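The structure appears below as structure tokens.
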Amino acid sequence: MSGVLAILEQQGGSWNRMSLETLAAARQLAGAMGVEASAAVLGDGVDILAGGLAGAGVERVWAVNHELLARYTPDAFAAAAEQLVRRAAPAIVLLPHTYQVRDFAPRLATRFDQALVSDCTGFRVDAQGPVFVRQLFQGKLNADVRLQGPSPWFVSMQAGAFRADEGGQGQAAIESFVPAIEPSTIRTQPSEPFRAAERSVDLTAAEIIVSVGRGIREKDNIAIVEELARALGAELAASRPICDNGWLPMERQVGSSGQTVSPKVYIAVGISGAIQHLVGMKGSKTIVAINKDSEAPIFEVADYGIAGDLFEVVPALTEAVKKARE
Ligand SMILES: Cc1cc2nc3c(=O)[nH]c(=O)nc-3n(C[C@H](O)[C@H](O)[C@H](O)COP(=O)(O)OP(=O)(O)OC[C@H]3O[C@@H](n4cnc5c(N)ncnc54)[C@H](O)[C@@H]3O)c2cc1C
């Protein structure tokens with residue numbers, strides 16, 4: 001067994017963004033190990049998506065089609081992925097740490113007598129092989145996990161750990177794979193996918209996020225941060241106390257018990273930078289922090305910091321953005 005196989009996630013013919021991050025991770029890992037990188041997509045009618053991966057810097061793409069993969073069920077996905085892994089025989093299977101993967105990947109790993117090394121933030125390769133890094137205790141500790149014993153090994157990657165736009169090139173061979181799935185083995189009957197309320201936001205897809213914390217003092221003051229977000233064409237997000245207070249809906253919370261985001265720009269306004277907040281946004285490409293306490297931990301992860309009163313800084317920034325956009 002050799003090589004790195006990335007099993008990617010799609011829904012209705014569109015990639016989950018974390019899949020493309022995992023694809024980048026698989027390419028880099030295979031490169032560092034000097035082995036082949038391949039990618040697979042599961043579903044019903046995924047040939048077009050698979051074709052799109054052909055030029056993405058992997059050597060092989062598996063299009064795994066079956067009518068019982070049209071809607072996600074853990075039984076069908078675990079069965080299909082198991083058969084694929086036995087056929088493709090990779091040493092390492094990388095997956096994006098999505099809700100779906102959390103659901104079926106432990107079962108998949110167990111079928112190979114393995115554990116899933118979940119939610120990894122990175123890896124390195126040394127003389128003994130790859131070492132994966134995962135966070136413990138809400139990000140207070142980083143643990144190195146060395147894969148030992150017989151492969152395949154199963155690893156899922158945290159959202160934002162790799163950049164999706166680190167594109168590759170090349171022309172991969174596309175292999176069609178039809179798993180054998182017995183309808184009687186599927187124990188769940190999926191109904192229509194759940195759609196959250198119309199106005200629900202997908203912060204993970206936002207390119208710019210302006211996030212507000214307890215420094216804003218009261219609900220009515222959020223308007224000034226909202227105006228900055230509007231001027232920038234950004235999504236508005238928040239730290240947990242803001243959502244706990246009901247000042248913004250829970251869906252806008254970033255952090256360990258909220259969303260994990262990795263926008264191009266994350267502007268933290270009046271946020272101290274508690275570890276539970278940092279784990280949700282530290283993958284952002286550029287972090288800007290505005291805080292009146294120059295010792296606030298948020299400045300340790302910030303690329304640009306403004307130590308000042310947000311009630312002066314934010315309106316001035318909004319004005320400057322508006323002027324620049326005129
Ligand atoms: C199990 C668990 C899960 C959690 N999950 C999350 C989570 O998902 N997301 C999350 O965010 N938190 C989470 N928390 C809470 C977290 O520990 C922090 O309490 C929280 O992130 C703090 O929010 P904050 O930075 O907005 O507030 P504070 O820590 O109170 O910071 C406010 C900041 O505003 C600054 N400030 C005040 N006035 C001004 C001003 N006029 N101008 C500029 N700056 C100003 C202050 O200097 C301070 O740094 C969780 C905690 C636990 C225990």
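Whatever order the structure lists them in is the order used to number ligands and atoms, beginning at 1. Worth knowing before you read on, the calculation uses all heavy atoms, side chains too, and leaves out hydrogens, waters and symmetry mates. Computed from a predicted structure; not experimentally measured.
- Looking at ligand 1, you'll find an N or O of Gly270 within less than 3.5 Å of one of its N or O atoms.
- Ligand 1 places these atoms under 4.0 Å from at least one heavy atom of Gly258: 8 (O).
- Less than 6.0 angstrom separates the ring centroid of Phe123 from the ring centroid of Phe162.
- Nearest to atom 48 (C) of ligand 1 by heavy-atom distance, out of Asn291, Asp293, Ile275, is Asn291.
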* Go through Gln158 and Thr121 one step at a time and tell me if the side-chain hydrogen bond (donor to acceptor under 3.5 Å, both in side chains) criterion holds. => CA-CA 6 Å; Gln158 189 173 95; Thr121 53; 5.8 Å; no
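- Atoms CG and CG, on Asn221 and Leu310 in that order, are 8.0 Å from each other to the nearest 0.5 Å.
- Using a 4.5 Å cut-off on side-chain heavy atoms (C-beta onward), Trp62 and Arg87 make contact.
- Annotation for ligand 1: atoms under 4.0 Å from non-hydrogen atoms of Ser257 are 3 (C), 4 (C), 5 (N), 6 (C), 7 (C), 8 (O).
- Backbone and side-chain nitrogen or oxygen atoms of Ala238 are examined, and none is located within less than 3.5 angstrom of a nitrogen or oxygen of ligand 1.
- Between the side chains of Ser257 and Arg240, at least one donor N or O lies within less than 3.5 Å of an accepting N or O.
- Using a 4.0 Å cut-off between heavy atoms, Ser256 contacts ligand 1 through both its backbone and its side chain.
- The line from CD1 of Ile298 to CG of Leu278 is 5.5 Å long, rounded to the nearest 0.5 Å.
- Under a 4.0 Å heavy-atom criterion, Gly308 is in contact with ligand 1.
- Here the CZ atom belonging to Phe77 is positioned 12.0 Å from the CG atom belonging to Leu84, to the nearest 0.5 angstrom.
- In this structure, of Pro297, Ala307, Ser272, the residue bringing a heavy atom nearest to atom 28 (P) of ligand 1 is Ser272.
- Taking CE of Met18 as the reference point, atom CE of Met157 lies at 10.0 Å (rounded to 0.5 Å).
- Here Pro241 has side-chain heavy atoms under 4.0 Å from ligand 1, and that is the only part of it that gets that close.
- Under a 4.0 Å criterion applied to the non-hydrogen atoms of Asp309, ligand 1 contributes the atoms 40 (C), 41 (N), 42 (N).
- Within the 4.0 Å heavy-atom criterion, neither part of Val269 lies near ligand 1.
- Tyr304 and Thr286 share no side-chain donor-acceptor pair at under 3.5 Å.
- Checking only distances, Val254 does come within under 3.5 Å of ligand 1, N or O to N or O.
- Residue Phe311 has at least one heavy-atom neighbour below 4.0 Å for each of these atoms of ligand 1: 41 (N).
- Residue Arg214 has at least one N or O atom closer than 3.5 Å to an N or O atom of ligand 1.
- The environment of Arg146 atom CZ is dense: over 12 non-hydrogen atoms of other residues, nucleotides or ligands sit within 6.0 angstrom.
- The nearest non-hydrogen atom to atom 21 (O) of ligand 1, considering only Gly255, Gly215, Ala274, comes from Ala274.
- For ligand 1 and Gly213, the ligand atoms under 4.0 Å from any heavy atom of the residue are 26 (O).
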